[in-house]
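Note that the structure is predicted; figures quoted are calculated from it, not measured.
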Amino acid sequence: GAMGGSASLIPRDLLSEYQELTFLSKQEILLAYKRFSELLPKEERENAFSARVPKSQILTLPELRANPFQHRICHVFSTSETRDDSMSFEDFLDMLSVFSDSATSDVKSHYAFRIFDFDDDGTLDRKDLEQLVNCLTGQGEESRLTSAEMEQLIQNILEESDIDKDGTINLSEFQHVVSRSPDFASSFKIVL
Amino acid sequence: EEPHGAAPVDFLQELPSYQSARRRRGGTQDRRPALLGTAGSRGTAARALLQDRDERTDRPAREHPKCMAEKRIIRNSQQADTEHLSKWQKWRRTSSKSLKKALSEIKGLSSYLVLWRHDIHNIEGKFGTGIQSYFSFLRFLVLLNFIIFILMFSFVTLPTIISKYGVFNSTVAYISPKNIEDICTIYEPSGNKGLVYFYTYLKDLLSGTGFLEVTYLFYGYYSIDAVWISMMRYNLPLAYLLATFAYLALSFLWIIKRSVEGFRHNLVHDADPFQSYCNKVFAGWDFCITDPNAARLKYRSLQYELQTDLQEEKLKQKIAERTMKEKICIYSLRIFINIIVIAILSGCFYSIYRVTVFSQENSSNADNANSPVNLLVQYLPSIVITLANFTGPLIFSFLIRFEEYTPAFEIKLTLLRCVFVRLANIGVLLFSLWSQISNCGSDKCKPCGYNYKLYPCWESDVGQEMYKLMIFDFIVILAVALFVDFPRKLLVTHCSCKLIQWFGHKEFEISDNVLEIIYGQTICWIGTFFSPLLPAIATIKYFIIFYVKKIVLIHTRKPAARPIRASSSNFFFLVVLLIGLLLAFVPLGVSIAYIPSSKACGLFRNFNTSWEVIPDTILQFPTGLQQFFFGIASEAFAVPFFVILCIVMFYVIALARAHKRVVEQLREQLVLESRDKMFLIRKIAEAQR
């Protein structure tokens, strides 16, 4: 049905290239194309490959709508030159590839690190961890942890993951601690 | 300890390790002005990429954490590299690429065949991975039972049917039993001859007697000794026994495979991976949640979980500071409560025993064989077991509050006790059945080795008990959903009486539901030997339960506000399932190898016990093979084998300990190196000023 229609819209060599460069299967790429073109206004659907979808449109996707990290995800995967966090179709495929079932844990943990790194400085310091925990518990005032609890929690996290004791978590420490986490692979997953 | 913030940031950013991390993030993401002429624009980023040649070539392009354009560049440079490889290597590369492509195509197609893919995806989006893992587990059990059914059907039932109808020129061989008294071979299942009430059919359907007893459902109907299919002799008793071992081995291996798949725990580190804060924070959010309501619930549950854990830590400190007197007080309280628990368990077991004995003695009374009371008496063991399974956990969760453990340990201990109650109840039922079957007081079993008067075909009787347990379990699950959950929801939404509001919506407790289906699966494993078509019933039962639970979840319950992380994991389900399987080995082992098989019915009439088929068959092999098999089973082989196993185990344990020590040393070294680095940087900064 609709799947067959959009199959003719992606040239075959491009489709196999995407299959080679991402962890997605052919059906997943076609479904992604369908969902992506639905986000575009009608006039732009012809050249979906060169169009960029603004962030506000991307955030209407049900998979991102309820996600507290929605802004970070758009920021990390966007390759927009104007830094407006808009996403092209290839950015969208990149995002789905990292969040797919078959992505390696290495790739997932790398991108998880970038998503959690709120100030983009290459390490997770205390401020990043504090913002991360606040994202997890909800945005309202009454849903935040008290500052004493936050302090204790961040202390525990750093104790578990900061191997070289410099007060921040760098990429390799993060990847190491996440590789031992049993829930990571099943929770860091988005399937359309 | 020098304060960390004192080291100047510029030097830190010039370090090679920081530079390589920034390059890996992608030059386009750069926001800071470049230092020392490194990455800034796309061109220099590409050059920097080409400089990391070594780390690139072993990994395919898609495993690099970069954007699509950069992955293209990597792939093109990888292809350019292969230009100057030999023909053989080129061919190898292209063939492995096309193989991977073909495999991924097959995987993509087979994902359409996955049962309930869409339903489980929706559940995951609405309720998170915890509840989704329960439904995936149900799906796994449906598949497992279906495969077991196919196994038993094709090796046991199908040859019987083929030979009965003479398809493929097949004939049947009956071997009359030798050296057995005639009195042991009397077996007349009623089979409902003549005019009977319709009610009798219903009763027979529910209790497995009457017309069901003389169908392929129960062991007693298979009375053939061999099947000749156009010149080939098919040894049916041997096939029956081997199919039993095969389905047990298959279940065992499949469960182990599944538990290893999702579990990459590093055993070097001591801490419990589920309780670690990093696991809760970094892997805390389910990215698959699509429903804003579910997201709100998740926020609350994460907040609650983190706060509980932090409080628990403070509690641990308090516990460590307990005085001797308090400790003695608490330990004696714990011992007392454990004695109460054991007493309750013994009470359960004893009542199950007595009820089973009563039910067995009174249900074979032919006077009131068709009255409803008889049906009730037959179902009495199932009713008592279900009551025990229901009240046991309630009592345990009430008692454990007095034992003052940490919350995490409380949950684990309660779960353990519930698992034990459920599985031990089945064991007690089977034990009481056997005590009846081997009830040899006053010479009741002299001629045949078992109580032939009451149980001319005891395997069918055990099969019927398992059948009743399964049917009753299914009825209870449906009844609870229909008569408890829906009315509760209606009451809570429409009646604003305070008492009812306090009752509230029922929460979807994952652990309770999982234990329920594991109990059913253990019954199926034990019962399949006595009733070869039982797995088919189990498949249908779990199939229907999936839809029932799904409807109940969506319409009435809300997911638990306090999910138990460890118990909602797949690993916990599989471990408990494995315990159930291992517990199922025991009754089966006793039935097959210890209790004499019934002489009046079934496939093993000519053997002392069911196990004897195998030594019998081995004796028909050529002498060399015979000696090999007897050699393996003898002490001369077993003792050295055991000794070698012990040596290997000790070696592996010593290796693990050595690795652990090395890891600890490396950790300490890393800390020291980091401190050195900070110190040197500070010195350089001072020297520069």
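- For A/Lys108, the NZ atom is densely surrounded, since the number of other residues' heavy atoms within 6.0 Å is greater than 12.
- No donor-acceptor pair under 3.5 Å is formed between the side chain of B/Arg62 and the backbone N or O of A/Leu21.
- Of the two parts of A/Leu124, only the side chain, counted from C-beta on, holds a non-hydrogen atom closer than 4.5 Å to a non-hydrogen atom of chain B.
- Interface remark: A/Gln155 contributes no atoms to any contact with chain B (heavy atom separation under 4.5 Å).
- Ranked by heavy-atom pairs under 4.5 Å with chain B, the list A/Ile163, A/Ile157, A/Val107, A/Asn156 is led by A/Asn156.
- In this structure, CG on B/Leu310 lies 6.0 Å from CD on A/Glu149, to the nearest 0.5 angstrom.
- Contacts between residues 55-62 of chain A and chain B, defined by a heavy-atom separation under 4.5 Å, are made by A/Pro62.
- In this structure, the portion of A/Val178 lying under 4.5 Å from any heavy atom of chain B is its side chain and not its backbone.
- Using a 4.5 Å cut-off on side-chain heavy atoms (C-beta onward), B/Tyr299 and A/Ser143 make no contact.
- Contacts of A/Leu64 with chain B are absent, with no heavy-atom separation under 4.5 Å from either backbone or side chain.
- Using a 4.0 Å cut-off between charged nitrogen and carboxylate oxygen, A/Glu20 and B/Lys101 do not count as a salt-bridge pair.
- Interatomic distance, A/Leu129 CG to B/Cys278 SG, rounded to the nearest 0.5 Å: 8.5 Å.
- With chain A as partner, the option from B/Val281, B/Asp286, B/Asp291 having the largest number of non-hydrogen pairs under 4.5 angstrom is B/Val281.
- The candidate with the highest count of non-hydrogen atom pairs below 4.5 Å against chain B, out of A/Val177, A/Thr22, A/Thr104, A/Ile190, is A/Thr22.
- Taking A/Tyr18 as the reference, A/Phe89 meet the ring pair (Phe, Tyr, Trp, His ring centres under 6.0 Å) condition, with sequence neighbours excluded.
- Residue contact with chain B, scored on non-hydrogen atoms closer than 4.5 Å, involves the side chain of A/Phe116 exclusively.
- Looking at A/Glu90 and B/Lys71, no side-chain N of the basic residue comes within less than 4.0 Å of a carboxylate O on the acidic one, giving no salt bridge.
- B/Cys288 SG to A/Asn67 CG: the interatomic distance, rounded to the nearest 0.5 Å, is 9.5 Å.
- Listed here is the closest heavy atom pair of A/Ala66 and B/Ile289: CB-O, 4.1 Å.
- Note: A/Phe174 and B/Phe282 have perpendicular aromatic rings, judged against thresholds of 30 and 60 degrees for the angle between ring planes.
- Panel note: side chain B/His121, backbone A/Val191; a donor-acceptor pair is recorded below 3.5 Å.
- Atom OG of residue A/Ser181 and atom NZ of residue B/Lys280 lie 11.5 Å apart, to the nearest 0.5 angstrom.
- To the nearest 0.5 angstrom, A/Glu173 atom CD is 8.0 Å from B/Leu670 atom CG.
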Between A/Glu17 and B/Arg75, does a side-chain contact (heavy atoms from CB on, under 4.5 Å) hold up when you go through it step by step?
-> CA-CA 10 Å; A/Glu17 187 183 27; B/Arg75 189 207 45 185; 3.0 Å; yes
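- Considering only heavy atoms from C-beta on, A/Gln19 comes within 4.5 Å of B/Glu105 through its side chain.
- The candidate from A/Glu63, A/Met95, A/Lys189 with the greatest count of non-hydrogen atom pairs under 4.5 Å with chain B is A/Lys189.
- Between A/Asp164 and B/Glu673 the shortest side-chain heavy-atom distance does not fall below 4.5 Å.
- In this structure, A/Glu160 contributes its side chain and B/Tyr277 its backbone to a donor-acceptor pair below 3.5 Å.
- Interface residue A/Phe23: backbone and side-chain heavy atoms are both found under 4.5 Å from chain B.
- For B/Leu306 against A/Thr137, the heavy-atom pair with the smallest separation is CD1-CG2, 4.3 Å.
- The shortest heavy-atom contact between B/Ala283 and A/Ser187 is O-OG, 3.3 Å.
- Of the possible donor and acceptor atoms, one in the side chain of A/Asp94 sits under 3.5 Å from a partner among the backbone N and O of B/Met68.
- No part of A/Ser109 comes within reach of chain B, as not one of its non-hydrogen atoms sits under 4.5 angstrom from that chain.
- Proximity to chain A (any heavy atom under 4.5 Å) is shown, for B/Arg296, by neither the backbone nor the side chain.
- When heavy atoms are compared at a cutoff of 4.5 Å, B/Gln132 does not approach chain A at all.
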